[in-house]
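Every number for a ligand or one of its atoms is a count from 1 in the order of the listing.
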Amino acid sequence: MNEVIKLRPCPFCGHEADVNISEPSKQVFCPNCGAANVWGEDAVRRWNRRKKEIIKNCPICGARASVYMAYDSTFCVQCRKCHLTSSYKRTRKEAIKTWNRRVGE
Ligand SMILES: [Zn+2]
Ligand SMILES: [Zn+2]
């Protein structure tokens, strides 16, 4: 049985990614837009690693903010200093998006 490799979609176009294997080396590529990473044993791990979403600083005091999960499993972003809190969202991503939105942008 072949090893099942879980790949995240292409970060550029969202297309399903594919993997070239030449044991022990691998390369992940996107058949749609041609994106590819360098060959290596850890190619899949590198492909699946994504930069963490950037949480903007607090719009009131400029301090750093963090994501918190509430008891009911909803998420919000809260300023570490003045405790300004975004509205609660079902996903971490939505909470960050809400927090990062600024009037006039
Ligand atoms: Zn692509
Ligand atoms: Zn603040």
Just wondering, do I21 and I5 contact through their side chains at under 4.5 Å, heavy atoms?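 A side-chain contact exists here, since the closest heavy-atom pair is under 4.5 Å.
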Do you know which two heavy atoms are closest between C82 and C58, and how far apart they sit?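 Closest pair (atom of C82, atom of C58, distance): SG-SG, 3.7 Å.
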Heavy-atom closest pair, residues P9 and G14: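 For P9 and G14, the tightest heavy-atom pair comes out as CB-O, 3.5 Å.
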Residue R64 excluded, over 12 heavy atoms near CZ under 6.0 Å: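 Check fails, neighbour count at 12 or below.
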Count the heavy atoms of every other residue, nucleotide or ligand shown that sit under 6.0 Å from CZ of R90, and state whether that count exceeds 12.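 Not more than 12 within 6.0 Å, no.
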Around the Zn ion (ligand 1), list the protein N/O/S atoms within a radius below 2.8 Å, excluding water molecules.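 Hits for the Zn ion (ligand 1) below 2.8 Å: C10 SG, C13 SG, C30 SG, C33 SG.
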With rounding to 10 degrees, what does the angle C79:SG / the Zn ion (ligand 2) / C82:SG come to?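 Reported to 10°, the angle equals 110°.
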Have a look at the Zn ion (ligand 2) and estimate, to 10 degrees, the angle subtended by SG (C61) and SG (C58).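 SG of C61 and SG of C58 make an angle of 110° at the Zn ion (ligand 2), to the nearest 10°.
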Can you check whether I54's main-chain N or O pairs, donor with acceptor, with N100's side chain at less than 3.5 Å?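 At least one qualifying donor-acceptor pair exists.
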Hey, is the main chain of N37 close enough, under 3.5 Å, to the side chain of Q27 for a donor-acceptor pair?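 Yes, the answer is positive, given that a donor and an acceptor are paired below the 3.5 Å cut-off.
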